[in-house]
Participant: 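What follows is a single structure, and I will ask about it in a moment.
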Amino acid sequence: MGAVTLNHYLYLSAILFFIGAFGVLFRRNLLVMLMSVELMLNAVNLSFVAFARHSAGTMDGHVIAFFVMALAAAEAGIGLAILVMVFRNRTTVQADDLTLMRD
Amino acid sequence: MAILFYIFAALAVLGGLLMVSLRNPLSGAFSLILSLVSLAGLFAMLNAEFVFILQVLVYAGAIMVLIIFTIMLLNLNKEELEEPPVAWMRLIFTALVCAVAAFGAIRIFGHVEAPKIEMTADFGSIEGVGRLMLSDFLYPFEVISLVLLVAVVGVVLLAKKVI
């Protein structure tokens with residue numbers, strides 16, 4: 001197994017990021033798409049914190065991770081509010097059923 | 001320590017995969033919590049005390065409670081949860097694109113070299129990060145509070161029945 005290096009954390013971060021990207025691209029359920037975005041943001045946080053651990057004693061990565069979390073909270077709040085509005089008006093959470101702009 | 005990393009990494013990936021594959025959004029939300037908590041463990045292994053606490057409190061706590069609360073509030077029944085049958089072509093192409101992109105990212109990350117760095121005593125502590133946040137990052141910190149304020153106002157406006 002060997003020692004865990006910075007690269008291992010970055011590999012994991014890349015894998016998680018693209019699992020999230022797959023969820024956004026493939027799933028049609030708005031709730032799951034929103035949760036996939038959260039996973040992508042978390043994967044990015046992991047690389048920030050991993051880089052901070054291996055850079056010359058600065059903690060800037062931790063502060064950036066904090067900012068990303070605050071943005072994720074705002075995004076989740078607004079996204080869910082929009083989702084509730086959509087559900088109230090259209091009674092659906094499937095992205096494929098939302099064709100108002102296309103028809 | 002290495003074995004802990006692999007356990008946490010496997011749990012994080014498993015949670016993510018379950019989230020994108022399970023049909024029911026509620027099961028997906030619980031899988032995402034598994035993923036987020038394992039990531040919190042990884043943050044702890046990276047000596048990021050402050051980020052670890054935030055991850056558990058804010059992410060696995062507040063944000064996921066919000067999402068699960070909304071899922072339960074919508075109270076979706078069987079027909080509303082019904083997804084169109086799996087489009088295999090789209091599944092294959094999306095998976096292929098993501099796999100290639102992930103492979104590329106991993107190749108690039110393979111070239112990153114980490115220097116051996118001595119950690120300071122207060123690395124990642126709440127005090128250290130807090131000092132940094134209120135000195136070097138003061139303006140971004142104020143901007144993020146504005147962003148949160150705008151989000152709160154926006155959510156209240158959106159959730160109102162009549163605007």
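Because the structure is a prediction, the values reported are computed rather than measured.
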Participant: Can you measure from CD1 (I144(B)) to CE (M69(A)) and round to the nearest 0.5 angstrom?
Facilitator: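 If we round to the nearest 0.5 Å, I144(B):CD1 and M69(A):CE are 12.0 Å apart.
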
Participant: Taking all non-hydrogen atoms of both residues, which atom of Y11(A) and which atom of I106(B) are closest, and how far apart?
Facilitator: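 Smallest heavy-atom distance, with atoms named: CE2-O, 3.4 Å.
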
Participant: Report the C-alpha separation of F48(A) and V51(B) in whole Å, then their side-chain angles, then the decisive distance to 0.1 Å, and conclude whether the side-chain contact (heavy atoms from CB on, under 4.5 Å) test is met.
Facilitator: CA-CA 11 Å; F48(A) 271 126; V51(B) 183; over 6 Å; no

Participant: Does any part of the side chain of M64(B), heavy atoms only, come nearer than 4.5 Å to the side chain of E38(A), both counted from C-beta?
Facilitator: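 When only atoms from C-beta onward are counted, M64(B) and E38(A) do not touch, as no gap falls below 4.5 Å.
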
Participant: Can you tell me how far the CZ atom of F103(B) sits from the CD1 atom of I15(A), to the nearest 0.5 Å?
Facilitator: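 That separation rounds to 12.0 Å.
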
Participant: Identify the two heavy atoms, one from V4(A) and one from A2(B), that lie closest to each other, and give their separation to 0.1 Å.
Facilitator: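 Smallest heavy-atom distance, with atoms named: CG2-CA, 3.6 Å.
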
Participant: State which residue, out of V129(B), N47(B), L54(B), L46(B), fulfils the side chain to side chain contact (heavy atoms under 4.5 Å, CB included) condition with H62(A).
Facilitator: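 When V129(B), N47(B), L54(B), L46(B) are each tested with H62(A), the side chain to side chain contact (heavy atoms under 4.5 Å, CB included) holds only for V129(B).
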
Participant: Taking all non-hydrogen atoms of both residues, which atom of V49(A) and which atom of A48(B) are closest, and how far apart?
Facilitator: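 Here V49(A) and A48(B) meet closest at CG1-CB, 3.5 Å.
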
Participant: Which region of F5(B), side chain (C-beta onward) or backbone (N, CA, C, O), has a non-hydrogen atom less than 4.5 Å from a non-hydrogen atom of chain A, or is it both or neither?
Facilitator: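 Side chain of F5(B) only, per the 4.5 Å heavy-atom cut-off to chain A.
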
Participant: Mark yes when over 12 heavy atoms from residues, nucleotides or ligands other than R131(B) sit less than 6.0 Å from its CZ; otherwise mark no.
Facilitator: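 No, the 6.0 Å shell around CZ holds no more than 12 heavy atoms from other groups.
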
Participant: Would you say the ring centers of F66(A) and F137(B) fall short of 6.0 Å from each other?
Facilitator: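 No, the ring centres sit 6.0 Å or more apart.
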
Participant: Side chain, backbone, both or neither: which part of S55(A) has a non-hydrogen atom closer than 4.5 Å to chain B?
Facilitator: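 Interface part for S55(A): backbone (N, CA, C, O).
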
Participant: Please list, chain by chain and in numerical order, all residues satisfying salt bridge (Lys or Arg N to Asp or Glu O under 4.0 Å) with E113(B), sequence neighbours excluded.
Facilitator: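 For E113(B) there are no salt bridge (Lys or Arg N to Asp or Glu O under 4.0 Å) partners, ignoring immediate neighbours.
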
Participant: Tell me, for L25(A) versus chain B, whether the close heavy atoms (under 4.5 Å) come from the side chain, the backbone, both or neither.
Facilitator: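 Looking at L25(A), backbone and side chain both touch chain B.
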
Participant: Side chain, backbone, both or neither: which part of Y9(A) has a heavy atom under 4.5 Å from chain B?
Facilitator: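 Both backbone and side chain.
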
Participant: So what's closer than 4.5 Å to chain B heavy atoms on F26(A): side chain, backbone, both or neither?
Facilitator: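 For F26(A), the contact with chain B is made by backbone and side chain together.
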
Participant: Roughly how far apart are C98(B) SG and I19(A) CD1, rounded to 0.5 Å?
Facilitator: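 One finds 9.5 Å between SG of C98(B) and CD1 of I19(A).
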
Participant: By a 4.5 Å heavy-atom criterion (distance strictly below it), what part of S145(B) contacts chain A: side chain, backbone, both, or neither?
Facilitator: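 No part of it gets close to chain A.
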
Participant: When only pairs under 4.5 Å are counted, which of L80(A), L31(A), V93(A) shares the most heavy-atom pairs with chain B?
Facilitator: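 Between L80(A), L31(A), V93(A), the count favours L80(A).
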
Participant: If we define contacts as heavy-atom pairs under 4.5 Å, which of N29(A), D60(A), V24(A) has the most with chain B?
Facilitator: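 With the most close heavy-atom pairs to chain B, the winner is D60(A).
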
Participant: Are M59(A) and F50(B) close enough, and set up right, to give a side-chain contact (heavy atoms from CB on, under 4.5 Å), and what steps lead you there?
Facilitator: CA-CA 11 Å; M59(A) 291 180 285; F50(B) 176 71; over 6 Å; no

Participant: For L17(B), is it the side chain, the backbone, both or neither that has a heavy atom under 4.5 Å from a heavy atom of chain A?
Facilitator: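 Both backbone and side chain of L17(B) come within 4.5 Å of chain A.
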
Participant: Looking at CG of L39(A) and OG of S31(B), how far apart are the two atoms once the value is rounded to the nearest 0.5 Å?
Facilitator: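 Interatomic distance, L39(A) CG to S31(B) OG, rounded to 0.5 Å: 10.5 Å.
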
Participant: What verdict does the side-chain contact (heavy atoms from CB on, under 4.5 Å) test give for L74(B) and L83(A), after you've listed the backbone C-alpha separation in whole Å, the side-chain angles of each residue and the deciding distance to 0.1 Å?
Facilitator: CA-CA 10 Å; L74(B) 293 180; L83(A) 203 146; 3.5 Å; yes

Participant: Parallel under 30°, tilted from 30 to 60°, perpendicular over 60°: which one fits the rings of F141(B) and F67(A)?
Facilitator: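 Aromatic pair F141(B)/F67(A) classed tilted.
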
Participant: Please report the closest heavy-atom contact between A14(A) and A105(B), naming both atoms and the distance.
Facilitator: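 Distance-wise, the nearest heavy atoms are CB-CB, 3.9 Å.
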
Participant: Counting only heavy atoms closer than 4.5 Å, note whether L16(A) contacts chain B via side chain, backbone, both or neither.
Facilitator: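 Only the side chain of L16(A) comes within 4.5 Å of chain B.
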
Participant: Only pairs of heavy atoms separated by less than 4.5 Å count here; which of L34(A), N42(A), T5(A), L6(A) has the most with chain B?
Facilitator: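 The candidate making the most pairs under 4.5 Å is N42(A).
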
Participant: What part of L32(B) lies closer than 4.5 angstrom to a heavy atom of chain A: side chain, backbone, both or neither?
Facilitator: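 Answer is side chain: those atoms of L32(B) sit under 4.5 Å from chain A.
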
Participant: Which atoms of D97(A) are under 4.5 Å from chain B, going by heavy atoms: the side chain, the backbone, both sets, or neither?
Facilitator: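 Contact with chain B: none, neither part.
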
Participant: Can you say whether A65(A) sits under 4.5 Å from chain B via the side chain, the backbone, both, or neither, judging by heavy atoms?
Facilitator: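 For A65(A), side-chain heavy atoms alone lie under 4.5 Å from chain B.
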
Participant: Could you tell me the separation between the CZ atom of F22(A) and the CG atom of L96(B), rounded to the nearest 0.5 Å?
Facilitator: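 Rounded to the nearest 0.5 Å, the CZ-CG separation comes out at 11.0 Å.
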
Participant: Check whether I82(A) gets within reach of chain B through its side chain, its backbone, both or neither, counting any heavy atom under 4.5 Å.
Facilitator: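 Both parts, heavy atoms under 4.5 Å.
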
Participant: Only pairs of heavy atoms separated by less than 4.5 Å count here; which of A21(A), S36(A), G79(A), G20(A) has the most with chain B?
Facilitator: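 Looking at each option in turn, the highest pair count goes to S36(A).
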
Participant: To the nearest 0.5 angstrom, please state how far the CG atom of L42(B) sits from the NE2 atom of H8(A).
Facilitator: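 The NE2 atom of H8(A) is 12.5 Å from CG of L42(B), to the nearest 0.5 Å.
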
Participant: For the residue pair F8(B) and L12(A), establish whether any side-chain heavy-atom pair is separated by less than 4.5 Å.
Facilitator: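 Heavy-atom side-chain distance check fails, nothing below 4.5 Å.
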
Participant: Which atoms of A62(B) come close to chain A, meaning under 4.5 Å heavy atom to heavy atom: side chain ones, backbone ones, both, or neither?
Facilitator: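 Neither part, no heavy atoms under 4.5 Å.
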
Participant: Check each atom of L36(B) against the heavy atoms of chain A and say whether the ones under 4.5 Å are side chain, backbone, both or neither.
Facilitator: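 For L36(B), the side chain is the part near chain A, not the backbone.
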
Participant: Show the nearest heavy-atom pair for residues F87(A) and L76(B), with the distance to one decimal.
Facilitator: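 Looks like CE1-CD2, 3.4 Å.
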
Participant: Quick check: do L46(A) and F43(B) have side-chain heavy atoms less than 4.5 Å from each other?
Facilitator: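 Side-chain contact under 4.5 Å: yes.
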
Participant: Taking side chain as everything from C-beta outward and backbone as N, CA, C, O, which of these in E75(A) sits under 4.5 Å from a heavy atom of chain B? Side chain, backbone, both or neither.
Facilitator: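 It is neither, since no heavy atom gets under 4.5 Å.
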
